[in-house]
There are 4 protein chains.
Amino acid sequence: MRPTGRSADPSAAKEDRRQALVRAAYNQIAENGFEGLRTREVAAEVGLNIATLHYYFPTKESLIAGVVDYAMQRFRSTLAPHGFPADQLAIHLRAVRDLLRDEPQLGGVMGELELRSARDPQIAAIMQSTYDAWHRAVRGLLQRAVRHGHMRPELDSDDVAAAIVAVLTSMTLPTVSSAGRTDRVLRQLERWLGIDSGPGQDQPTPTGQNMPGK
Amino acid sequence: MRPTGRSADPSAAKEDRRQALVRAAYNQIAENGFEGLRTREVAAEVGLNIATLHYYFPTKESLIAGVVDYAMQRFRSTLAPHGFPADQLAIHLRAVRDLLRDEPQLGGVMGELELRSARDPQIAAIMQSTYDAWHRAVRGLLQRAVRHGHMRPELDSDDVAAAIVAVLTSMTLPTVSSAGRTDRVLRQLERWLGIDSGPGQDQPTPTGQNMPGK
Amino acid sequence: MRPTGRSADPSAAKEDRRQALVRAAYNQIAENGFEGLRTREVAAEVGLNIATLHYYFPTKESLIAGVVDYAMQRFRSTLAPHGFPADQLAIHLRAVRDLLRDEPQLGGVMGELELRSARDPQIAAIMQSTYDAWHRAVRGLLQRAVRHGHMRPELDSDDVAAAIVAVLTSMTLPTVSSAGRTDRVLRQLERWLGIDSGPGQDQPTPTGQNMPGK
Amino acid sequence: MRPTGRSADPSAAKEDRRQALVRAAYNQIAENGFEGLRTREVAAEVGLNIATLHYYFPTKESLIAGVVDYAMQRFRSTLAPHGFPADQLAIHLRAVRDLLRDEPQLGGVMGELELRSARDPQIAAIMQSTYDAWHRAVRGLLQRAVRHGHMRPELDSDDVAAAIVAVLTSMTLPTVSSAGRTDRVLRQLERWLGIDSGPGQDQPTPTGQNMPGK
DNA sequence: AATGAATGAGAGTTCATTCAT
DNA sequence: AATGAATGAACTCTCATTCAT
C-alpha cells in the first residue's frame, strides 16, 4: 500500500500524474518563464493530451498554483535543515548556494514567482510567508549564535537576517549569479558575518574583517 | 527652453511621441510584466492607433528595446553621480533606495529585465554590461575610500563591490522591498561598510560594528 | 463502400475534413486567385472556425501545398490515361479540353500555380516535374505513333511534344479559352498533327494537312 | 517645347512622374505579381512618398490601370510592325520571342493580367480587345500569304491564327518558357507553318512538313 | 481516465488610404 | 507638388478552454 508507484491505490496514481504535470510545468517555467508557459507543451512533455491536463488541473492558474507549491516545498525542504547546531549559519549559506548550483531551475522559478508576486496577490501571500519563515529561521540562528558567544552581542539580528536573506535572494537572479559573482558575494557575506572558513571553494582568507574578537 | 511640446521642431515632436510610447510601455511592463505587455494597450494609453505605434516602432521587439534603453538610462543617470568625494558610497546607497522608492516602476521593470536576460541574449548583454559598469564604479569608490583611510585596507574591493551590487539589486524584488525590509537591509549594509549614519532613516547611531578602528 | 462520409473510421473522417478544406481553398483560389485566398473564408465555407483550420493545416502555406497536390492529382489523373493505343493522342487532346470545360476552376488554379512558380521555387519544382512528365508522355505517344506508321517519321518528337504541351497549357488562360477560341485552337492542332476527325466539335474535315500520305 | 524632359511645361513634368510610377509598378508586378504589389514600394522606388503617389493615382486600382495601359502599349508597339511584306509572319514570331527574351518582365506582367482578367471585367475587356486585334493581324498576314501563294489555300486562316496566338501566348508562362522550351515550341510552330528557315538559333531543318510543295 | 476536434478571444503585423501642413 | 503622421480594416496565427465520445 505504498502511496507512490503505479500500484493499487487509484488516488495515488492520480497524484502521480498531477506531480508529473507540475514538474513539467516547473521545468517549463524555469526554461521559458511564465511568459513562455504553454499548457500544451506541459501536457506533451508528460505524454498527455491537453484535454487530459485540464482534467487534472481545470485551469492554467490551478496548474501554476501547483508549481508554486512544488517550488516552495523544494526550497524550504533544503533550506530549513533539521538540527542547526551552533554555527550552522555557514552551513546554511553553503546549502543555499549548492541548491542553486545543483538545481539551476529553482533559481529561475523563484525569480519568476518573485516578480509575479508583484501582480498576483495569491502568490504574493505565499512568497511573503515563505520569506517570513526564512527570515525568522535565520534570525533564530543568529540569536543562538550570539547566545553561544559566536557573534557580537550588539548586532541587530533582525537587520542582519534581512540582509542575509536579501543577499541569498539576489543570487537567484541571472545577472548576479552569472560570471562567478555568486562566490564573490557569498564569500564577502561570510566575512561580514565572521564565519568565513577559508577553503570553501577557494583560498584561505583568515582575515575576518568584522569579528575583531577573532 | 527646448522645443518640448507641440512646438517648432518637427523631429523633436517625433521624438516626443516615441518617448511617450516608450514610457507607456515601460509603465505597462512595470504593471503587468512582459507577459502582459500589449501593443494595443500601449498605443491606446498614448491615444494612438496601433498602426501608428508600428509607424514609430516597426516591431514589438523594437519597442521593448526602447524600454530597455529608457530603464537603463533612468537607472544609470541616477546611479553614477559626478564627483564622488571620499565617502559618497553612502550617498550612492541612499540614492538607489530613494530612486526605487520614488519610482516604484523602475524596480519592477529592472526585475523583468533581469529575468528576461536569462532567455534573451540581447537583453542579457545589456544587463551584463550595465552591471559590470556598476560594479566597477562601486569598486572604484571603495578603493578611493581605502586610499583616503576611510575603510580598512585589507578589504577585497572586488568582493565587497559584488556584495553591494547584489544587495542593491535584491532591493528591486517585491518580496525584499516590501514590508519595510528595504530599510533594514540597507541599514545593515551600511553597518557592514562602516558608513552607517544612524538608525531608521537618518537618526545618528554611531555603533559601527565593522569599523572598529573608526 | 469506403468509409466516406461521417462513418466508422475516425482517421478517414479527419482526412475528409482536410479534403473539404483543400477543396474549399481550391475553389477560392480559382475564384479569387492566391491574392484573394483568405483562410477565414476557407474555414467558413466548410463551416469551421479558423482555429480549427489551423488544427488541420498549421499554416496557410501548408494549406496551399494541399491545394497544389489536389490540383496536380486532378490534372494528372485525367491526363495520364491507362492504355494509350496507337492514335490515342487525339483522345488525350479531347480529354484535356473536356477536363478544362467541365471543371473550369482547374484552369484558373493551374494558371495561378503557373504564375506563382515564377516566384515560389517549391511550386516551380512541382510544376516543372509535372510538365516534364507530361512532355515525356506525349513524346512517347508520338514516337509510338511514328513506329506504327501513323505519323511522319521525320518529325522531331521532342519539338512536337513541346508544342502540344504549350498549346494545351495556353488553353488554361482565360483569354485564350474564352469566346470559343479553345475549339479553334484544338482543331488546328489536330490538323497539324494529322489526327483531326472532323470540324467543330465533330464534323468530318478529312483535310489532314500534315499527313499527306493519309 | 519638348513634351518630355524636366522642362517648362508643367503638365509634361506631371506626366513624367506618372510614367515613372507606372513603370515602377510594372516592374514590381513582374517581380512579385499582383499579390506582391505594394504601393509603398512603388513610391519608394521612384523616390516619392506614399502620399505623393496617391496624389498622382488616387487609388491602387488606378495605378494598375496605368500599368495595364503601359503593358499593352509595350506589347502592341512591338507586335504590330509597319510594313509586313509577304512572309513577315516569320518575322513576327521571331519578334515576339525576342521581345519576351529581351524584356522578360513583359511576359510576367502579361501572365498576371491574363489571370486577373478572369476576375476583373475591366482588364478582361482590354485583354480581349488586344487579343482580338492580334488575332486579326495574324489572320490578315495568313490571308495575304495565301494570296501570294506562300501558303496552302485550304488553311482556315481563323483557326491557324488562333493557334498561333495561343502558342505565342503560352510562351509568357514560366513553365513553358523555362528550360529552353520556347525555342522548341517556336521551331515546331514554324515547321507547321512551313516558314522555318533552318538556322534560327540552331540546326538546318529543311524538312518543312507542312508545305506540300515538298 | 483520456482524447481528438473545435472554438472564442485576442495577439502582432500589414497596407491602402487620408489629412493637415 | 509633396510629405509625415495617422488610421481602419483586415490578415495570419496562437492559446486556454470545452465537449462529445
Side-chain angles (χ1 to χ4, degrees), chain A residues 10-11 13-14 16-18 35-43 46-64, chain B residues 6 10-11 13-14 16-18 35-43 46-64, chain C residues 10-11 13-14 16-18 35-43 46-64, chain D residues 10-11 13-14 16-18 36-43 46-64:
Chain A
S11 77
K14 178 161 181 172
D16 277 5
R17 278 265 199 269
R18 284 179 61 92
E35 204 183 341
L37 179 62
R38 302 283 175 267
T39 53
R40 257 192 172 80
E41 287 290 310
V42 172
V46 180
L48 289 179
N49 186 285
I50 269 280
T52 309
L53 180 147
H54 273 89
Y55 170 78
Y56 289 101
F57 295 93
T59 123
K60 190 185 188 181
E61 282 314 307
S62 69
L63 175 61
I64 290 178
Chain B
R6 220 124 299 188
S11 78
K14 177 157 187 173
D16 277 5
R17 275 266 196 265
R18 284 180 62 94
E35 201 184 343
L37 179 62
R38 301 285 175 265
T39 53
R40 264 187 171 84
E41 286 291 310
V42 171
V46 181
L48 290 179
N49 186 287
I50 323 205
T52 310
L53 181 147
H54 276 91
Y55 173 74
Y56 289 100
F57 295 93
T59 115
K60 187 184 187 181
E61 222 47 47
S62 71
L63 175 62
I64 290 179
Chain C
S11 78
K14 176 157 187 175
D16 277 4
R17 275 266 197 267
R18 285 180 62 93
E35 203 183 342
L37 178 62
R38 301 287 174 262
T39 53
R40 257 189 174 83
E41 286 291 310
V42 171
V46 181
L48 291 178
N49 185 287
I50 321 200
T52 310
L53 181 148
H54 276 92
Y55 173 74
Y56 289 100
F57 295 93
T59 120
K60 188 184 187 181
E61 221 47 48
S62 71
L63 175 62
I64 290 179
Chain D
S11 78
K14 178 162 183 171
D16 276 5
R17 278 265 198 267
R18 283 180 61 93
L37 178 62
R38 301 284 175 264
T39 52
R40 259 192 171 79
E41 287 289 311
V42 171
V46 180
L48 289 179
N49 186 285
I50 270 280
T52 309
L53 180 147
H54 274 89
Y55 170 77
Y56 288 103
F57 294 93
T59 121
K60 191 185 187 181
E61 283 314 306
S62 69
L63 175 62
I64 290 178

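Letters A, B, ... are given to chains in the order of the sequence lines, protein chains preceding strands, and every chain is numbered from 1.
- Arg18(C) has its CZ atom 13 Å from the P atom of dA6(E), to the nearest Å.
- For dA16(F), one of the phosphate oxygens OP1 or OP2 lies less than 4.0 angstrom from a side-chain nitrogen or oxygen of Thr39(A).
- Minimum atom distance to the side chain of His54(A) is reached by dT18(F), of the listed dT18(F), dA16(E), dG12(E).
- Distance from the side chain of Arg40(A) is smallest for dT17(F) among the nucleotides dT17(F), dA2(F), dT17(E).
- Within the structure, no pair that satisfies the salt bridge (charged side-chain N to carboxylate O under 4.0 Å, His left out) test touches residues 47-59 of chain A, not counting sequence neighbours.
- Counting any heavy atom pair closer than 4.0 Å across all strands shown, Leu48(D) reaches sugar-phosphate atoms only and no base atom.
- A straight line from CD1 of Ile50(D) to P of dA6(F) spans 16 Å, rounded to a whole angstrom.
- Within 4.0 Å of Leu53(C), counting heavy atoms only, lies no atom of the nucleic acid at all.
- Between Asn49(C) and dA6(E) there is no side-chain polar atom (N or O) within less than 4.0 angstrom of OP1 or OP2.
- For dA2(E), the OP1/OP2 oxygens have a side-chain nitrogen or oxygen of Arg17(A) closer than 4.0 Å.
- Side-chain atoms of Arg38(B) and base atoms of dG10(E) include no donor and acceptor less than 3.5 Å apart.
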Just distance, no hydrogens or angles: give the donor-acceptor pairs under 3.5 Å from side chains in residues 49-61 of chain B, sequence neighbours left out.
from	atom 1	to	atom 2	distance (Å)
Asn49(B)	OD1	Ala51(B)	N	2.7
His54(B)	ND1	Ile50(B)	O	3.4
Thr59(B)	OG1	Glu61(B)	N	2.8
Thr59(B)	OG1	Ser62(B)	N	3.3
Lys60(B)	NZ	Leu37(B)	O	3.1
Glu61(B)	OE2	Arg116(B)	NH1	3.4

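- Of the inter-residue distances, the one linking Leu48(A) atom CG with Thr39(A) atom OG1 reads 12.5 Å to the nearest 0.5 angstrom.
- For DNA chain E, the stems formed by at least three consecutive Watson-Crick or G-U pairs, with both atom-pair distances below 3.5 Å, span E:2-21 with F:2-21.
- Less than 4.0 Å separates DNA chain F from at least one heavy atom of each of the following residues of residues 55-63 of chain B: Tyr55(B), Tyr56(B).
- Distances shown here put a side-chain N or O of Lys14(B) below 4.0 Å from the OP1 or OP2 atom of dA5(F).
- Comparing dT3(E), dT7(E), dT17(E) by their closest approach to the side chain of Thr52(C) singles out dT7(E).
- Closest contact between the side chain of Ala51(C) and the listed nucleotides dT3(E), dA5(F), dG8(E) involves dG8(E).
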